[in-house]
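So the structure is just underneath, and the comments pick up after that.
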Amino acid sequence: MLNQPLRRPGVVTLAAAAFSQTADLLQTEFRLAKAELAEKMTALRGGLIMILIGAILLIAALGMILQALVSILINSGVSPSVAILLVAGGSAVIGLVLFLMGQNRLNPAELSPDRTLNSLSRDSRMVKETLS
């Protein structure tokens with residue numbers, strides 16, 4: 001009895017183990033995808049907030065620019081109108097910068113779950129090789 005060779009697992013045992021490991025792998029991949037999508041949604045939310053803030057500042061800048069133009073027409077003086085134009089120009093620059101930063105964060109390439117897609121592709125190849 002002590003000299004009996006070790007039994008190798010049968011085909012059914014190996015197939016069951018492969019399917020079990022595949023199921024575990026898929027569960028892990030889905031958890032990874034969920035975490036990565038949550039990360040991407042946070043970036044999306046941040047981009048939308050920056051666009052909103054940029055839009056608000058651009059609206060305020062437009063109001064100030066219009067007030068400056070009215071002031072220029074009424075007063076034909078330099079001092080009050082120039083001050084209003086400087087403030088409106090500064091608001092426009094800040095608003096535009098925030099708007100463009102938010103727009104860049106909404107780039108579709110940035111929102112795709114690349115790590116998960118690559119991992120799923122590798123896992124698919126591994127499963128095919130294992131079952132072949």
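From a predicted model like this one, the values you see are computed outputs, not experimental measurements. Counting begins at 1 with the first residue of the sequence.
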Flag yes if Ile59 and Met64 sit in one hydrophobic cluster, no otherwise; membership is Ile, Leu, Val, Met, Phe, Trp, Tyr, and two members link when side-chain heavy atoms are under 4.5 Å apart. no
Going by chain and number, the hydrophobic cluster around Leu26 (ILVMFWY, side chain to side chain under 4.5 Å) further includes Phe30
Residues joined to Leu57 in its hydrophobic cluster, side chain to side chain under 4.5 Å directly or through other members, sorted by chain and number, are Ile49, Ile53, Ile94, Leu98
Between Ala92 and Ala61 the two heavy atoms that sit nearest each other are N-CB, 3.6 Å
CG (Leu48) and CE (Met41) are apart, to the nearest 0.5 Å, by 8.5 Å
- Message: Donor-acceptor pair, distance only, cut-off 3.5 Å: does the side chain of Ser20 make one with the backbone of Ala16?
- Response: no
When rounded to the nearest 0.5 Å, the distance separating CD of Gln103 from CG of Leu96 is 9.5 Å
Here the gap from Leu44 atom CG to Leu37 atom CG, rounded to the nearest 0.5 Å, amounts to 11.5 Å
Hphob cluster co-occupancy, Leu106 + Leu100, side-chain heavy atoms under 4.5 angstrom: yes
Connected to Ile56, directly or through other members, by ILVMFWY side-chain contacts below 4.5 Å are Leu52
Here the gap from Arg45 atom CZ to Arg105 atom CZ, rounded to the nearest 0.5 Å, amounts to 12.0 Å
